[in-house]
Amino acid sequence: MIRSALLLATLAAVPLAHAAPDLVTVSERSGFTATGRYDEVIKLCSAFQQAYPKQVKCFQFGTTPEGRPMLALAVTRTGAFTPEAASRKKLPVTLIQGGIHAGEIDGKDAGFLVLREMLEGRIAQGALDKQVLLFVPVFNVDGHERFAKWNRPNQRGPVEMGWRTTAQNFNLNRDYVKADAPEMQAMLALVNAWDPLTYVDLHVTDGAMFQHDVSIQVEPVNSGDPAFRKAGLALRSNVIQDITKEGSSPQSYYMSFKENDNPASGFVDSVSDPRFSTGYFQLRNRMAMLVETHSWKDYPTRVRITHNAIVSVLNQVAAHGKEWQQAAASADARASHIAGQPVALTYKTTDKTTMVDFKGYAYTRSMSDVSGMMMTHYDESKPQVWHVPLREEIVEDLRVQAPGAGYVVPAAFAQMVATKLTRHGIAFRKLDKAVPDAKVETFRADKAAFAPTSFESHQRLKVEGAWKQEPRTLGKGALFVPIAQPKARLVMAIFEPQAPDSLLAWGEFNNAFERKEYMEEYVAEDVAREQMAKDPALAAEFRRRVDTDEAFAKNPHARLEFFARRHASWDERLNLYPVMRTDIPL
């Protein structure tokens with residue numbers, strides 16, 4: 001491991017006395033053992049703009065629930081300080097985000113150091129001539145100010161740090177699609193305005209002890225538009241190559257074991273669901289990078305690595321941004337013509353393994369007399385190479401054919417859904433008149449299972465079923481969401497009921513799967529006898545179920561419901577997903 005003195009020399013090749021005092025962070029002054037409070041971000045944002053008025057604009061893009069300003073810095077030598085100017089000049093936009101988990105705060109201190117060194121002309125020379133950098137030092141601002149020692153018990157430094165979740169206890173890195181948190185709504189508005197080609201999400205891992213110091217994950221590489229994956233792979237490969245030259249030992253997968261706390265089980269690469277940044281932006285045909293420094297490296301080491309990763313991204317976008325913009329535009333065009341095609345909504349890792357040499361430490365595993373389970377104990381004084389399996393073959397899992405024209409949301413749910421779609425910049429229109437007997441597909445759940453506990457303030461729902469043709473009258477005020485738009489994959493991720501982060505999966509339509517009207521059992525008894533008397537075939541079907549289905553035979557409520565479902569009073573909307581598909585534009 002590089003010693004701290006050498007690390008600090010690497011981070012700041014010019015003595016602090018040569019830097020503008022107002023632009024030096026608390027972290028740098030402390031030798032990268034501490035990090036500043038949010039008032040420092042406010043001061044630095046203003047100070048950078050004051051020191052470099054032609055290259056930096058400090059602006060507020062949101063307000064947190066506790067009333068704090070959410071700040072960003074637009075940094076460029078092109079003069080494009082508005083989204084319109086960046087679009088007019090066809091400049092790629094790179095958004096660097098720190099502190100989504102505010103205890104993992106390497107990105108804030110590394111980012112400010114990168115800014116100063118770039119503006120002084122010491123690193124990434126020419127990079128700001130070819131792009132606009134948006135730097136968000138702290139995304140989770142309220143969480144940042146829940147400041148204390150040991151907020152991250154699995155992490156070495158800084159001395160004090162913020163908290164993982166927001167003041168409302170939202171984990172922002174589970175919120176990209178559902179966008180419940182005001183902070184995420186502000187971020188998505190920023191993204192919609194600036195349309196960043198590359199979104200860099202800076203984190204620190206949890207996990208085991210080993211020698212590797214950072215994970216660099218990018219999508220699209222294994223997911224999203226197949227042709228656009230070439231750009232994502234190039235970004236990932238080039239950044240890994242760059243930071244390796246700077247002394248890091250990166251991996252391209254998240255370094256958590258297949259079996260918890262068991263190094264011998266090896267590793268599993270995967271594709272994140274769109275609640276995460278890397279799962280979300282590929283649905284918009286844009287690139288997202290997850291930088292995960294290793295929590296057991298000290299803070300100077302982690303800041304250095306994050307610094308180097310940021311510099312590499314900016315250099316790569318400067319070198320390849322124009323061609324990657326063209327690749328993204330082509331992906332947008334293909335998405336606009338995705339109607340009727342099979343689209344992957346989830347991915348899975350196969351059991352195919354490759355044995356890899358992984359730099360770890362000597363360890364032992366023994367039964368704990370405290371927890372009563374097997375525990376791993378690492379010896380960091382004894383580096384050791386682990387020969388372990390890596391599962392990295394990722395294939396499509398759930399595939400759904402895109403609708404021919406789009407989705408329809410009934411007027412009763414239009415306001416809620418329109419708000420969600422607007423947050424993502426998805427196009428839709430409202431029907432100005434009713435459409436009787438429209439040819440649509442409906443989805444009725446054969447099974448609907450509610451999660452037993454709350455997750456991110458929602459009771460999630462899983463359904464089984466299939467789309468079927470069923471004419472329905474569409475009322476005035478319903479929404480039509482066309483599939484023919486660049487964000488078509490995101491549209492499907494939001495509306496397909498079995499997609500992992502769909503509105504249905506997050507419980508936004510739970511009412512549709514709750515029975516509200518009932519037939520009293522003594523009434524159902526009479527109804528059952530009347531139906532069997534009128535329909536001998538129905539009576540025979542009932543007797544067959546009793547004789548062949550033991551669970552049904554032993555369940556008096558199921559036996560009565562057999563008849564209640566066939567009565568005119570049965571709610572035909574029960575388990576009917578209140579979103580439809582159509583092959584005809586409306």
Side-chain angles (χ1 to χ4, degrees), residues 37-38 41 60-72 95-108 136-148 151-155 161-192 199-206 254 272-281 283-284 288 290 292 416-417 419-425 450-461 490 493-494 499-510:
R37 301 295 294 267
Y38 194 67
V41 172
Q60 180 175 343
F61 68 95
T63 303
T64 72
E66 292 187 337
R68 297 184 176 92
M70 298 178 69
L71 298 179
L95 196 158
I96 307 286
Q97 170 193 282
I100 187 172
H101 294 152
E104 305 167 25
I105 205 58
D106 307 12
K108 176 191 67 174
V136 177
V138 181
F139 184 9
N140 176 14
V141 179
D142 289 343
H144 185 280
E145 291 306 276
R146 187 175 169 181
F147 209 71
N151 277 349
R152 292 270 297 162
N154 310 312
Q155 179 177 301
M161 71 285 288
W163 191 252
R164 183 178 184 84
T165 57
T166 71
Q168 295 176 331
N169 210 33
F170 282 117
N171 184 339
L172 291 175
N173 204 29
R174 307 295 184 270
D175 200 39
Y176 279 91
V177 171
K178 64 184 178 66
D180 285 335
E183 294 94 336
M184 183 59 73
Q185 294 164 21
M187 177 60 74
L188 291 178
L190 184 71
V191 166
N192 289 337
Y199 186 97
V200 182
D201 191 3
L202 304 173
H203 286 252
V204 182
T205 66
D206 287 311
Y254 191 86
S272 294
D273 291 335
R275 72 192 66 168
F276 300 93
S277 60
T278 48
Y280 175 75
F281 281 92
L283 298 175
R284 299 178 69 121
L290 181 66
E292 292 268 8
M416 180 272 288
V417 173
T419 299
K420 296 281 188 181
L421 297 178
T422 299
R423 287 172 183 163
H424 294 287
F450 294 102
T453 59
S454 173
F455 176 62
E456 290 294 312
S457 82
H458 289 256
Q459 185 183 23
R460 286 177 56 83
L461 173 65
L490 180 56
I494 287 173
D501 287 320
S502 67
L503 293 177
L504 180 146
W506 278 111
E508 297 290 354
F509 297 108
N510 280 0

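We number each residue from 1, following the sequence as shown. Predicted model only: the values in this text are computed from it and were never measured.
- Between the CG atom of Asp201 and the CG atom of Leu172 there is a distance of 10.0 Å, given to the nearest 0.5 Å.
- Within the 3.5 Å criterion, the main-chain N or O of Thr166 finds no donor-acceptor partner in the side chain of Asp142.
- Side-chain atoms of Leu290 and Phe276, non-hydrogen and from C-beta on, never get closer than 4.5 Å to each other.
- A donor-acceptor contact shorter than 3.5 Å is absent between the side chain of Gln459 and the backbone of Gly507.
- Using a 3.5 Å distance cut-off with no hydrogens or angles, the side chains of Arg284 and Asn192 do pair a donor with an acceptor.
- Side-chain atoms of Glu183 never come within 3.5 Å of backbone atoms of Phe139 as a donor-acceptor pair (strictly under, hydrogens ignored).
- Distance check: His458 NE2 to Leu503 CG gives 9.5 Å after rounding to the nearest 0.5 Å.
- Between Leu461 atom CG and Trp506 atom CH2 the span is 12.5 Å, to the nearest 0.5 Å.
- Val177 approaches Pro274 most closely through the heavy-atom pair CG2-O, 3.2 Å.
- The aromatic rings of Tyr199 and Tyr176 sit perpendicular to each other, their planes meeting at more than 60°, with 30° as the lower class boundary.
- Remark: the backbone N or O of Arg164 is paired with a side-chain donor or acceptor of Asn140 at under 3.5 angstrom.
- Side-chain contact between Leu95 and Met187 is present, with at least one heavy-atom pair separated by less than 4.5 Å.
- The shortest non-hydrogen separation linking Val136 to Ala72 is CG2-CB, 4.0 Å.
- Checking side-chain atoms of Gln168 against main-chain N and O of Asp180 turns up no donor-acceptor pair under 3.5 Å.
- When all heavy atoms of Ala186 and Met70 are compared, the pair lying nearest together is CB-SD, 4.0 Å.
- Note that NZ of Lys178 is 5.5 Å distant from OG of Ser457, once rounded to the nearest 0.5 Å.
- Glu145 places a side-chain N or O within 3.5 Å of a backbone atom of Tyr38 that can act as its donor or acceptor partner.
- Residues Arg152 and Asp206 form a side-chain contact, since some pair of their non-hydrogen atoms from C-beta on lies under 4.5 Å apart.
- Considering NE2 of His203 and OG1 of Thr205, their distance stands at 11.0 Å, rounded to 0.5 Å.
- Using a 4.5 Å cut-off on side-chain heavy atoms (C-beta onward), Thr63 and Pro182 make no contact.
- Residues Pro137 and Leu71 approach most closely at CD-O, 3.5 Å, considering heavy atoms.
- Ring geometry for Tyr280 against His424 counts as tilted: the plane angle lies between 30° and 60°, on a 0 to 90° scale.
- Asp501 places a side-chain N or O within 3.5 Å of a backbone atom of Arg275 that can act as its donor or acceptor partner.
- Atoms OG1 and CG, on Thr278 and Asp273 in that order, are 9.5 Å from each other to the nearest 0.5 Å.
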task = For salt bridge (charged side-chain N to carboxylate O under 4.0 Å, His left out), just list the numbers for Glu508 and Lys420, CA-CA rounded to whole Å, side-chain angles, deciding distance to a tenth of an Å, and then say yes or no.
result = CA-CA 11 Å; Glu508 297 290 354; Lys420 296 281 188 181; 3.5 Å; yes
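- The shortest non-hydrogen separation linking Gln155 to Gly103 is NE2-O, 3.2 Å.
- Taking each heavy atom of Ala102 and Gly143 in turn, the nearest pair found is CB-C, 3.6 Å.
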